[in-house]
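To start, the structure under review is shown below, and the notes come after it.
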Amino acid sequence: MEQLNDDICYHALKARDRRFDGRFYTAVLTTGIFCRPICPAVTPKRVNVQFYPSAEAAIAHGFRPCLRCRPEAAPGSPASAGVHATVARAVRLIEEGALETGSVEQLADRLGVGDRHLRRIFKEHTGVTPQDHAKARRLLRARQLIVDSNLSMTEIADIAGFGSLRRFNDAMKTAYGHAPTAFRRGIKAEPVSDKNDNDPFAPKSDDLILRLRARQPFDADYLLTFFRARAIPGLEAVGDRTYARGFRIHDAVGLMICRFASDQGGVDVILRGPARDAVLEIGGRVRRLFDLDADVPSITALFADDELLRPLVDKRPGLRVPGCWDRFELAIRAVLGQQVSVAAARTLAGRLVARFGQVLPENLIAGTGITHLFPKPATLQQQDLISIGLTTRRAQTLADIIDLFADPQCDRQSGDDILAAMTATKGIGPWTLNYFGLRGLGDPDAFPAADLGILKASEIGGGPAKPKPLEQHAERWRPWRAYAAQYLWSALEQEHAPKPKPQPPRKGK
């Protein structure tokens, strides 16, 4: 990705180039306000601006967020997009509340580095300290929840980490110059009606709704096609414009329904159950699940001169790399998918969920077809895995992966550490490692060259039909080979994709 300097930033600002949205922020010295590069306000003079890599850095330097372009709604900043592996993990953990309940020293310990080193590299890559980032992030996410959710102000103050409504009001007035209620736009669930009552995936009056925007262009249709083909029976349900699943966070369970906007501008996340209180963490997971922050034009610019990929990019300019809800779940899916078809892997995963998964409360799932949660690692230890239809060798590999993730230290390990442990596991090959890296770790350069679908698509497009020649050809796609893999999969996915089943109306009582 092109390294930004002040001149590049100013040219992008003048052009209001959407490809730079989220990659930098413009602080105007004469007004004390900072904006996204797409802000419709009059472009300030060059001598009157400073550029920052994140909204948090601009706030920490005393600038106030623009009320027109809403910096808190911008796609992910470079700090969370992989400029440094440790910083990226630190940003993710801070997003999930690591500094709300712990110290920088404890955060550094989780990351396996010293606290002085963490402060130094964090400041180097984001422009602020971890504490300043957390403080500014608290303000930004509070504003996002005000505008893009239907939570009450008291709930927002609590979830955003202010501790009290008074502190919340004071902080928002200081940062934005207005009381929090001035920003409320009134996202509400659709009123309960006979029509909605027949649709278990429609929002209900007491649902929490969070609106997440996607960096454009965004191909929601392909994402739904991909997840529909791999939906685990009982755990997930994928409709024409919805993806739904049961989930567990911090031992609280819930139902999540993601409704894709018809204009493909983003996703409305509908939450039911006690786990909805973890809305910020859920929002972050959904952003990664659907790759909402990908700067696709910058990525696909690398493929413009490649005869194999160019036609696929032209057909689907907004393609994303589907992520995962949970790393352990994806690791199990990857092992079950070794050397079998997508449909066979889905069947095996469905048996695993039905046999060992926790049953969800009926009041959450009525009419959805979703019945279970994915089982925890500890639940699967010492279980008879052969009973779901596995060979002895495959069952042992699965048991080894379960033991890996059941270890309490696993949560503290980096993606590289987990990959190294999986590499040392008997029965885990390059395809599984690359597939887990691509979807489980969000590695933009992971490339399962031996995947039969990728090889077939390459051959159809006039490219190499064998793994080693394809790997050599793929060197020109670095560091975005995961997106190249997704484009190759897309050439076959649409042809063999199952159609969404219409939801039958529920009978009245």
Side-chain angles (χ1 to χ4, degrees), residues 1-84 87-88 91 122-128 132-133 136-137 139-141 143-144 147-148 175-178 183 212-218 263-266 287 291-302 304 317-318 444 479-480:
M1 185 178 292
E2 184 179 21
Q3 294 297 312
L4 301 183
N5 58 41
D6 286 359
D7 289 335
I8 292 174
C9 289
Y10 193 70
H11 286 309
L13 172 65
K14 289 197 298 183
R16 292 184 174 81
D17 193 329
R18 289 189 173 273
R19 291 173 296 178
F20 290 84
D21 189 20
R23 293 184 63 189
F24 71 87
Y25 295 82
T26 306
V28 184
L29 302 176
T30 52
T31 64
I33 292 172
F34 74 95
C35 303
R36 297 158 64 177
I38 61 169
C39 186
V42 175
T43 303
K45 294 180 179 179
R46 176 68 179 82
V47 295
N48 292 332
V49 298
Q50 290 179 348
F51 299 103
Y52 292 97
S54 68
E56 293 82 3
I59 288 177
H61 284 84
F63 292 94
R64 294 164 63 174
C66 175
L67 300 181
R68 296 180 69 181
C69 65
R70 296 187 56 210
E72 78 280 352
S77 68
S80 60
V83 294
H84 189 288
V87 173
V91 168
F122 204 98
K123 183 74 178 286
E124 177 184 344
H125 287 284
T126 71
V128 293
D132 286 340
H133 180 94
R137 191 68 226 155
L139 286 165
L140 292 169
R141 66 194 183 196
R143 172 101 194 278
Q144 181 186 8
V147 178
D148 292 334
Y176 289 98
H178 295 279
F183 306 119
L212 300 177
R213 289 167 174 77
R215 192 194 292 265
Q216 298 301 308
F218 176 59
D263 60 1
Q264 302 199 350
R287 296 201 75 88
D291 198 17
L292 298 183
D293 296 326
D295 187 358
V296 177
S298 296
I299 293 168
T300 55
L302 186 67
W480 308 115

Residue set satisfying side-chain contact (heavy atoms from CB on, under 4.5 Å) with L212, at least two apart, ordered chain then number -> Q144, L210, V269, V286, R287, L292
Using atom types as modelled and distance alone, determine if a side-chain donor or acceptor of R36 lies under 3.5 Å from a backbone N or O of P71. no
A136 meets the side-chain contact (heavy atoms from CB on, under 4.5 Å) criterion, sequence neighbours left out, with E56, I59
- prompt: Does the pair R70/D148 count as a salt bridge with the N-to-O cut at 4.0 Å?
  reply: yes
Separation between CZ (F218) and CG (D293), nearest 0.5 Å, reads 10.5 Å
Practice task
State, with a plain yes or no, whether a side-chain heavy atom of V91 is found less than 4.5 Å away from one of F122.
Solution key: yes
Looking only at heavy atoms, the pair that brings A60 and V128 closest together is CB-CG1, 3.3 Å
Hits for side-chain contact (heavy atoms from CB on, under 4.5 Å) against C9, two or more places apart or cross-chain, chain-then-number order -> L4, F24, F51
Taken in chain and number order and not counting sequence neighbours, the residues that satisfy side chain to side chain donor-acceptor pair (under 3.5 Å) with E124 are none
Value for CH2 (W480) from CG (L302), rounded to nearest 0.5 Å, stands at 9.0 Å
With the side chain counted from C-beta on, respond yes when F63 and Y52 share a heavy-atom pair under 4.5 Å apart, and no when they do not. yes
Residues C66 and C35: closest non-hydrogen pair is CB-SG, 3.6 Å
Could you pull out every donor-acceptor pair under 3.5 Å between side chains of residues 40-47 and any protein atom, sequence neighbours left out?
none

Those residues at least two apart in sequence (or on a different chain) that pass salt bridge (charged side-chain N to carboxylate O under 4.0 Å, His left out) with R64 are none
d(D132 CG, T126 OG1) to nearest 0.5 Å is 9.0 Å
Hits for ring-ring contact (aromatic ring centres under 6.0 Å, His included) against Y176, two or more places apart or cross-chain, chain-then-number order -> F183
The reported gap from CD1 in I8 to CZ in R23 (rounded to nearest 0.5 angstrom) is 8.5 Å
In short, A55 meets L140 closest at the heavy-atom pair CB-CD1, 3.5 Å
Across all chains, not counting sequence neighbours, the side-chain contact (heavy atoms from CB on, under 4.5 Å) partners of H11 are K14
Closest non-hydrogen atoms of P65 and A175, given as atom of the first, atom of the second and distance, are CD-O, 3.6 Å
In this structure, CD1 of I38 is separated from OG1 of T26 (nearest 0.5 Å) by 11.0 Å
- Do R215 and V296 have side-chain heavy atoms sitting under 4.5 Å apart? no
Sorted by chain and number, sequence neighbours left out, ring-ring contact (aromatic ring centres under 6.0 Å, His included) with F34 holds for none
